[in-house]
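Beneath this line is the structure, given in structure tokens, with notes to follow.
A quick note: this is a predicted structure, and the numbers were derived from the prediction, not measured.
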Amino acid sequence: MRIKWVDRAKGLAIVLVVLGHVILGLIRSKQYTVFDNNCMRYIIETLYAFHMPVFFALSGMFFKSVTNFKELFSLTKNKLLALGIPYIAFSVVMFSLQKIGSGSVRDQTSLSQLLNIYKQPIGYLWFLYVLFFVFAYIGFISIFIKNDTHILLIVIFGYIIASIFNIPIFFIQSTLVWAPMFYLGHILKNMDLKINKTTMLLLFVYFIHVPIFRVLHPSTDYASQINPQIWGIFSVIGIILGFSFLPLLQYVSVKGLSFIGQNTLVVYLVHAPTASVIRIILFKLGIYNIPINIIVGFGVSLAISLIAVYLSERVRLIKLVFYPLRKQKIEVITHD
């Protein structure tokens, strides 16, 4: 049985991801003034400290403790197929699109980078890559430790280690950084977080961190997703706020939001290359107006992603790419 607010929360989160990637693409196009970029960076930091942490937390909600290595092998095998096949397929898509539009693409992906996606993901596909290793990491720990608090303390310790040493091996560093966000969702699923004065204080702290971050890091798009260090605290706050406010979506029916939330994997994979193509077309047409680029880029990217959802339900080969485990869709996905 599906949980309405979770589907709607995923739908809202993936909409924010699409919006964030469209705006980020404009910033990195280097077509705008410092003032314009800084204004857009305020939006980016506000979004990025929330939507990707919340996606990891929503993924953690559905994690089931592993009792032995046989179950761990089954878990990792299923996740490798469910996440690995679309990861490889869209790595090739991104590489191919960049080669086709080589004259309009600023950061080219080399063949060497494509062949090394097993150790370093391409762009926004980092989320699928990291999510797989987080499942394996938490699953391994759960074989030996069953207490939720103890597991959370272990993954927090791993986060601290990653923050201090900034481990040069991508999958280790990123797994240690995102595991606490994932497992926090697992813990919060059984907690009824009330909206009270503390919640409103956290909301204020969350929003006030954005101008502080912008002052301290004026040329950075958003806090590092591989080594956020102290800024990771605001991702935790974002998750707590998400699990406080998002359950209200259980009682609010927003047309299409549940449907989008049930198909976040497809939307996540399709929207980024689509947004890039739309931005290039608009620039070729001499359209640089920021609001127009955001509205058109966001709207068309989301629309084409939903068309891909429609095709994935009707074309067997497309369904195989997005959902390799046939009828079994992975429950959560989506960020960058």
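Between the side chain of Tyr159 and the backbone N or O of Gln229, at least one donor-acceptor pair lies under 3.5 Å. Within the 3.5 Å criterion, the main-chain N or O of Tyr288 finds a donor-acceptor partner in the side chain of Tyr32. Although no hydrogens or angles enter the test, the distance criterion places a donor-acceptor pair under 3.5 Å between the side chain of Gln98 and the main chain of Thr109. Of the possible donor and acceptor atoms, one in the side chain of Asn196 sits under 3.5 Å from a partner among the backbone N and O of Thr199. No side-chain donor-acceptor contact under 3.5 Å links Lys99 to the backbone of Phe95. Of the possible polar contacts, none joining the Arg279 side chain to the Leu26 backbone as a donor-acceptor pair under 3.5 Å is found. Using a distance-only test at 3.5 Å, with no hydrogens or angles considered, no donor-acceptor pair links the side chain of Arg8 to the main chain of Ser258. Asn263 places a side-chain N or O within 3.5 Å of a backbone atom of Phe259 that can act as its donor or acceptor partner. Here the side chain of Thr264 pairs no donor or acceptor atom with the backbone of Ile260 at under 3.5 angstrom. Using a distance-only test at 3.5 Å, with no hydrogens or angles considered, no donor-acceptor pair links the side chain of Asn293 to the main chain of Leu282.
Taking CD1 from Ile187 and CZ from Phe63, the interatomic distance works out to 11.5 Å, rounded to the nearest 0.5 Å. Atom CG of Leu184 sits about 5.0 Å away from atom CD1 of Ile239, to the nearest 0.5 Å. Separation of atoms CD (Gln173) and OG (Ser224) is listed at 8.0 Å; rounding is to 0.5 Å. Note: His271 NE2 to Ile14 CD1 = 6.0 Å, rounded to the nearest 0.5 Å. Between Lys189 atom NZ and Leu58 atom CG the span is 12.0 Å, to the nearest 0.5 Å. Taking CG from Asn166 and CD1 from Ile161, the interatomic distance works out to 12.5 Å, rounded to the nearest 0.5 Å.
Hydrophobic clustering places Met191 together with Ile151 (ILVMFWY residues linked when any side-chain heavy atoms are closer than 4.5 Å, directly or through intermediates). No path of Ile, Leu, Val, Met, Phe, Trp and Tyr side chains, each step under 4.5 Å between heavy atoms, connects Tyr118 with Tyr87, placing them in separate hydrophobic clusters. Two different hydrophobic clusters hold Ile23 and Phe35 under the rule that ILVMFWY side chains link at heavy-atom gaps under 4.5 Å. Val92 and Leu317 fall into different hydrophobic clusters, where Ile, Leu, Val, Met, Phe, Trp and Tyr residues are linked whenever their side-chain heavy atoms come under 4.5 Å apart, directly or through other members. Placement of Leu153 and Ile145 in two distinct hydrophobic clusters is found when ILVMFWY residues are connected by side-chain heavy-atom separations under 4.5 Å, directly or transitively.
Between Tyr222 and Tyr48, the angle of the ring planes stays under 30°, which puts this pair in the parallel group of the 30/60° scheme. Classification of the Tyr129-Phe170 ring pair by plane angle, with boundaries at 30° and 60°, yields tilted. Note: Phe182 and Phe135 have perpendicular aromatic rings, judged against thresholds of 30 and 60 degrees for the angle between ring planes.
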| ring pair (Phe, Tyr, Trp, His ring centres under 6.0 Å) between Tyr268 and Phe55: does it pass, once the steps are laid out? | CA-CA 11 Å; Tyr268 185 80; Phe55 264 119; 7.3 Å; no
| Derivation of the side chain to side chain contact (heavy atoms under 4.5 Å, CB included) call for Leu269 and Leu125 | CA-CA 8 Å; Leu269 289 168; Leu125 294 169; 3.7 Å; yes
| request: Check step by step if side chain to side chain contact (heavy atoms under 4.5 Å, CB included) holds for Ser91 and Leu114. | output: CA-CA 7 Å; Ser91 294; Leu114 179 63; 4.0 Å; yes
| task | Determine, step by step, whether His186 and Ile138 satisfy the side chain to side chain contact (heavy atoms under 4.5 Å, CB included) criterion, reporting the C-alpha distance in whole Å, the side-chain angles of both residues, the deciding distance to 0.1 Å, and the verdict. | result | CA-CA 11 Å; His186 179 75; Ile138 300 294; over 6 Å; no
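By the 4.5 Å heavy-atom criterion applied to side chains, Met200 and Ile195 are counted as neighbours. Counting heavy atoms from C-beta outward, Val18 and Ser305 have side chains that stay 4.5 Å or more apart. Using a 4.5 Å heavy-atom cutoff, the side chains of Val130 and Phe56 are in contact. The shortest side-chain heavy-atom distance between Trp5 and Tyr251 does not fall under the 4.5 Å cut-off. The shortest side-chain heavy-atom distance between Leu83 and Leu80 does not fall under the 4.5 Å cut-off. Within the 4.5 Å cutoff, the side chain of Met181 has no heavy atoms near those of the Val54 side chain. The shortest distance between side-chain heavy atoms of Phe283 and Ser29 falls below 4.5 Å. At a threshold of 4.5 Å between non-hydrogen side-chain atoms, the residues Leu306 and Val270 do not count as touching.
The ring of Tyr206 has its center no closer than 6.0 angstrom to the ring center of Phe234. Two rings, from Phe213 and His209, have their centers 6.0 Å or more apart. Taking the six-membered ring for Trp and the full ring otherwise, the centers of Phe90 and Tyr124 sit at least 6.0 Å from each other.
Both tests do not hold together for Lys79 against Phe132: distance to the six-membered ring centre under 6.0 Å, angle to the ring axis within 45°.
Pairing each heavy atom of Val66 with each of Gly139, the nearest pair is CB-O, 3.7 Å. Listed here is the closest heavy atom pair of Asp221 and Arg214: O-NH1, 3.6 Å. Nearest heavy-atom pair across Asn227 and Ser163 is OD1-CA, 3.3 Å. The shortest heavy-atom contact between Thr274 and Ser301 is CG2-CA, 3.7 Å. For Pro86 against Phe322, the heavy-atom pair with the smallest separation is CG-O, 4.3 Å. Taking every heavy atom of both residues into account, Asp148 and Tyr183 meet most closely at OD1-OH, 2.6 Å.
Heavy atoms from other residues, nucleotides or ligands lying under 6.0 Å from NZ of Lys4 number 12 at most. In Phe144, the CZ atom is crowded: over 12 heavy atoms of neighbouring residues, nucleotides or ligands sit closer than 6.0 Å. More than 12 heavy atoms of other residues, nucleotides or ligands lie within 6.0 Å of CG in Leu216, so this atom counts as buried by the packing criterion. Annotation: Phe245, atom CZ; neighbour count of heavy atoms from other residues, nucleotides and ligands within 6.0 Å is above 12.
Residue Val210 belongs to a hydrophobic cluster whose other members are Tyr42, with links defined by side-chain heavy atoms closer than 4.5 Å.
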